[in-house]
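Everything on this sheet refers to the single structure shown next.
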Amino acid sequence: MNLGSITTQASLLAGDPQQQRYAGLYTDAVNRAQEQWAFDSKAVFKDAPVYTVVGGTASYDLPSDFMLEKSVVHNGLELKPITRARLQAFSSADWTLDTGTPKFFMTNPEEARKTLLLYPNPEDDDAGANLYLTYYPFVTSLSGSTDIP
């Protein structure tokens, strides 16, 4: 089924076979349903290009279609997710200054989920190590009648 056949079926069910009453809303509804399905099912995932860790750099750009992380692996070990609140609650000092081999990650809420933040900050010993991100992407919006979800 493509977008054209889905909108035709939806318009028939809505009693709008000429697609005049809800013109333009069918495609929007299909796109919202597709997004909800992707979020709920977590059936679609991707591997981001491999990041190379830089000593002293904790922040790495996320892919533009990033919705939610599935896993983050540094130097063969899976990192655990952590929140700023948890770091602040259990850290006696400024946690942003902590250094060491990363054990945790977070998608940076101050950057509108555009960056992946490692904790603690990688040291020079970690430079050159690979960082692998597997994530759930936002689905591509459908626009043409032949587009397939």
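If you read the sequence from its start, that first residue is 1, and numbering goes on from there.
- For Tyr51 (side chain) and Asp61 (main-chain N/O), a donor-acceptor pair under 3.5 Å exists by modelled atom type.
- Under a hydrophobic clustering in which Ile, Leu, Val, Met, Phe, Trp and Tyr are joined whenever their side-chain heavy atoms come within less than 4.5 Å, directly or via other members, Met106 and Leu79 fall into different clusters.
- Side-chain atoms of Asn31 come within 3.5 Å of backbone atoms of Leu142 as a donor-acceptor pair (strictly under, hydrogens ignored).
- With hydrogens and angles ignored, the 3.5 Å screen pairs no side-chain donor or acceptor of Thr115 with any backbone N or O of Leu117.
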After noting the C-alpha distance and the side-chain angles of Tyr26 and Asp16, does the key distance pass the side-chain contact (heavy atoms from CB on, under 4.5 Å) rule? CA-CA 11 Å; Tyr26 296 107; Asp16 183 24; 2.8 Å; yes

Please lay out, stage by stage, how Val53 and Tyr60 fare under the test side-chain contact (heavy atoms from CB on, under 4.5 Å). CA-CA 9 Å; Val53 175; Tyr60 298 87; 3.7 Å; yes

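- The only member of Asp126, Leu116, Thr52 that meets side-chain contact (heavy atoms from CB on, under 4.5 Å) when paired with Leu131 is Leu116.
- A cation-pi contact, defined as under 6.0 Å to the ring centre and within 45° of the axis, is absent between Lys42 and Phe45.
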Start with the C-alpha gap between Asp47 and Thr134, add the side-chain angles, then the distance that decides, and say whether side-chain hydrogen bond (donor to acceptor under 3.5 Å, both in side chains) holds. CA-CA 4 Å; Asp47 292 321; Thr134 301; 2.7 Å; yes

Step by step, would you call Tyr132 with Asn130 a side-chain hydrogen bond (donor to acceptor under 3.5 Å, both in side chains)? CA-CA 6 Å; Tyr132 300 95; Asn130 289 332; 3.1 Å; yes

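- With Thr27 contributing its side chain and Gly24 its backbone, the two residues share no donor-acceptor pair below 3.5 Å.
- Panel note: side chain Ser5, backbone Met1; no donor-acceptor pair is recorded below 3.5 Å.
- Not a single donor-acceptor pair under 3.5 Å links the side chain of Asp40 to the backbone N or O of Trp37.
- No donor-acceptor pair under 3.5 Å is formed between the side chain of Gln34 and the backbone N or O of Ala29.
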Might you work through the side-chain contact (heavy atoms from CB on, under 4.5 Å) test for Tyr119 and Asp98, ending with a clear yes or no? CA-CA 8 Å; Tyr119 176 81; Asp98 294 346; 2.4 Å; yes

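- Under 3.5 Å, the side chains of Asp65 and Tyr135 contain a donor-acceptor pair of N or O atoms.
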